[in-house]
Amino acid sequence: MEQSGTSALLQGAVQDLASDVVSALRGGDHVRMSGTGAVDEAGGSLDLAAVRVVGADLLLPHVLFPTPPDPEALAVFRKTVEAFPPRADAAPTVKWSHWAMGRTLRRLDAPPTGAPGTSGAPLGDETAEPDAGWLDEATWQVLTHQLAVLAPLAVPGEDCAVARAARRRPVDVARGFVRAVRRRDWQQAASAGRWLTLLDGVPDSLGLEAGLDFVELMGGSDPRVALQVQAARVMRTAGALV
């Protein structure tokens, strides 16, 4: 029962953070970190665990808009990166999620010159990309699922092995988007749609914009779905203005 209660608290904290990000994406404002103040069974705040789930998307508004992060949000984000390094035997998606958070931190919290060990200092050798070879042999179903998990890597100008794998297979990602919609997996559909927003060679027959509207309508009560749809819209608008 205690574990179930903790899981419910964590889910609520994740939903709150995702809602904060959606609000910032819609308003071009700071992510405010509403925070739950909840405590897990180890006596620590659930905030770090929630940030780990949301991942690099916590600071997405500050990647897409020229606004500095709220100091509190940035501090919690950095603490999460430091507290949860992936183990050597971690799943590839876990390693890539951590890499994405480290990359985002370096973008928004540049290390001060000659000040190792202070806030903003490098977090070790985290610039090297994890392996992404498993994506080359993945079926289109598996590819879409993995890309959905790694949706925080779907940002303009990102050049990493995962993004390159997605760019090589736009039709497969489009097939995965349609499959997710048919299966009513709104989280995966929204994440795949976010990737498709950035890819060339997406079939016009897909009707991506209308598809994302439908996904938002059907899954809009989940702020994690809304986050992916809103991210796609912001990036789509930015691309149209270029």
### Query
Is the centre of the Phe177 ring less than 6.0 Å from the centre of the Trp140 ring?
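When the ring centroids of Phe177 and Trp140 are compared, they turn out to be at least 6.0 Å apart.
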Interatomic distance, [X] atom [atom1] to [Y] atom [atom2] [nearest 0.5 angstrom]:
{"X": "Asp185", "Y": "His145", "atom1": "CG", "atom2": "NE2", "answer": "9.0 Å"}
{"X": "Thr197", "Y": "Glu209", "atom1": "OG1", "atom2": "CD", "answer": "9.0 Å"}
{"X": "Leu59", "Y": "Leu64", "atom1": "CG", "atom2": "CG", "answer": "11.0 Å"}
{"X": "Leu17", "Y": "Leu46", "atom1": "CG", "atom2": "CG", "answer": "10.5 Å"}

Non-hydrogen atoms of [X] and [Y] that approach each other most closely:
{"X": "Thr93", "Y": "Leu150", "result": "O-CD2, 3.6 Å"}
{"X": "Gly201", "Y": "Val171", "result": "O-CG2, 4.2 Å"}
{"X": "Ala232", "Y": "Leu212", "result": "CB-CD1, 3.8 Å"}
{"X": "Asp57", "Y": "Pro152", "result": "OD1-CA, 3.4 Å"}
{"X": "Glu129", "Y": "Cys160", "result": "OE2-CA, 3.2 Å"}
{"X": "Asp172", "Y": "Thr144", "result": "O-OG1, 3.7 Å"}

### Query
Would Asp222 and Arg224 count as a salt bridge (Lys or Arg N to Asp or Glu O under 4.0 Å) if you check the C-alpha gap in whole Å, the side-chain angles of each, and the deciding distance to 0.1 Å?
CA-CA 5 Å; Asp222 184 345; Arg224 296 184 68 187; 5.6 Å; no
### Query
Is Val181 reachable from Val202 through a run of I, L, V, M, F, W or Y residues, each pair having side-chain heavy atoms under 4.5 Å apart?
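As far as the 4.5 Å side-chain criterion goes, Val181 and Val202 are connected within one cluster.
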Between [X] and [Y] (side chain of the first, backbone of the second, donor and acceptor by atom type, cut-off under 3.5 Å), is there such a pair?
{"X": "Arg194", "Y": "Ala151", "answer": "yes"}
{"X": "Lys95", "Y": "Asp89", "answer": "no"}
{"X": "Thr104", "Y": "Ala100", "answer": "yes"}

### Query
In terms of heavy-atom contacts, does CZ of Arg164 have more than 12 from other residues, nucleotides or ligands at under 6.0 Å?
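For Arg164, atom CZ is crowded (more than 12 foreign heavy atoms under 6.0 Å).
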### Task
Scan side-chain atoms only and decide if Gln146 and Trp96 contain a donor-acceptor pair under the 3.5 Å cut-off.
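No, because no side-chain N or O of Gln146 sits under 3.5 Å from a partner of the opposite role on Trp96.
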#### Entry: Lys/Arg-Asp/Glu bridge criterion (N-O < 4.0 Å) met for Arg167, Asp159
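Between Asp159 and Arg167 there is a salt bridge, with a charged N closer than 4.0 Å to a carboxylate O.
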### Query
So does Asp136 pair up with Arg168, basic N to acidic O under 4.0 Å?
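Yes, charged N to carboxylate O under 4.0 Å.
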